[in-house]
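Inspection log for the structure reproduced underneath, given as structure tokens.
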Amino acid sequence: MKKRGAIDQAWVNRQKVIKAAIRLKHSIDADNKINEIIDEEYKKFYKAVQEGKMLPPFDPEKTLGR
Amino acid sequence: MADKLRILDFDIENRPLAYWYDGMTTAETTAIAACWMDNPASMKVWLLGPQTLKAMLLGFRVLYDAADMVTGHYIRRHDLPILNGAMLEQGLPPLAPKLTCDTKMDLTKRKDLSASLEELAVMFGLQARKAHMSNTDWREANRLKPSGIKKAKERAMSDVRLHMEIYKKLVDGEYLSAPKVWRP
């Protein structure tokens, strides 16, 4: 098997860090968005229950956009 | 599950029955009033004396089981445990777990402010009041005298009617936390 040279290996390492950083950033953003939406929907859902209504199923497109 | 939920508003009156400990007494239910939130004309009342306790409990249970949620003031700590104890004493199965909205326990956090039904009614500017009963009235009611039973009936019904109005105000104002399941 052909061994990577030091420069190639440096690029592979750099690429890994870039990928991990982007995944982490989006994962944190997703968690923040999830918490925000869940909190709003929780209040909305149980207020409707207290009013004697069941909300229609959650519509992702309507709430989150495409 | 249907889009429309059935919410039952209810209240009980009870009398002390035996000395227990530290000045506490055991209790017995003397009146149960219940009404569907979306139908104020559906008020039902069960009274000890004209009816046996067992008949009262069985009558209430039909509505309880049909409800998607029950509501009342302090029901998770007072009314529901007393009714469930009565079920045990009468040899009836315990109440099923139920989604509850307790307007005392689920009321927004507060300090140095009474959250009694009477105070909430005044706070919200409602005209309705609890039917007042003096100590003598309660003694008559608890002795199951016809005049006392009549007053206890009025009291239980007025509590439910008042609670239904207050409940709507509390829901509209978002003063209540999410309903909780009560498990016997």
Side-chain angles (χ1 to χ4, degrees), chain A, chain B residues 1-10 34-43 63-64 66-76 97-109 115 120 124 160 163-182:
Chain A
M1 195 199 285
K2 199 178 166 189
K3 263 189 112 183
R4 274 190 191 122
I7 293 176
D8 285 346
Q9 187 59 52
W11 166 244
V12 169
N13 292 347
R14 188 177 184 84
Q15 184 179 241
K16 273 186 189 166
V17 172
I18 292 167
K19 285 182 180 176
I22 292 172
R23 283 201 183 102
L24 179 64
K25 181 185 181 301
H26 285 281
S27 160
I28 291 168
D29 287 348
D31 280 346
N32 289 339
K33 189 71 181 169
I34 287 167
N35 290 339
E36 181 193 317
I37 299 284
I38 292 280
D39 194 42
E40 282 169 17
E41 287 295 320
Y42 177 82
K43 286 179 190 156
K44 223 189 281 178
F45 179 85
Y46 281 109
K47 175 136 197 273
V49 169
Q50 287 166 340
E51 289 167 343
K53 294 177 283 196
M54 273 301 280
L55 291 179
F58 182 74
D59 181 348
E61 279 188 22
K62 201 173 155 191
T63 311
L64 307 172
R66 286 188 74 94
Chain B
M1 181 172 277
D3 294 345
K4 207 168 170 232
L5 302 175
R6 302 199 80 191
I7 302 177
L8 185 70
D9 198 305
F10 81 100
C35 189
W36 293 109
M37 191 59 81
D38 59 354
N39 181 10
S42 64
M43 180 79 74
L63 300 191
Y64 179 88
D68 293 303
M69 184 174 88
V70 295
T71 184
H73 206 61
Y74 211 39
I75 53 171
R76 285 204 298 270
K98 185 68 68 181
L99 190 65
T100 61
C101 183
D102 184 325
T103 48
K104 181 167 178 167
M105 303 299 293
D106 299 336
L107 187 60
T108 190
K109 286 193 181 100
L120 290 171
F124 287 125
V160 171
H163 186 264
M164 286 167 74
E165 284 193 52
I166 289 171
Y167 176 85
K168 282 177 190 150
K169 292 276 184 193
L170 293 174
V171 171
D172 287 348
E174 301 185 3
Y175 297 116
L176 297 169
S177 60
K180 290 159 190 72
V181 175
W182 175 79

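Every chain is numbered from 1, with letters handed out A, B, ... down the list of sequences.
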* **From B/T71 atom OG1 to A/Q50 atom CD, the distance as rounded to the nearest 0.5 Å** => 8.5 Å
* Looking at A/E51 and A/K47, does any basic side-chain N land under 4.0 Å from a carboxylate oxygen? -> yes
* A/F45, part contacting chain B, at a heavy-atom distance under 4.5 Å -> neither
* Asked: Among B/I7, B/L99, B/D38, who wins on heavy-atom pairs under 4.5 Å with chain A?
  -> B/I7
* Structure fact -> So, the part of B/M37 with a heavy atom under 4.5 Å from chain A: the answer is neither
* Structure fact -> ring pair (Phe, Tyr, Trp, His ring centres under 6.0 Å) pairs touching residues 13-40 of chain A, sequence neighbours excluded, are none
Atom pairs and distances, donor-acceptor, side-chain atoms in residues 169-181 of chain B, under 3.5 Å, two or more places apart:
| residue | atom | partner | partner atom | Å |
| --- | --- | --- | --- | --- |
| B/S177 | OG | B/D106 | O | 3.4 |
| B/S177 | OG | B/K180 | NZ | 3.0 |
| B/K180 | NZ | B/D106 | OD1 | 3.2 |
| B/K180 | NZ | B/A178 | O | 2.9 |

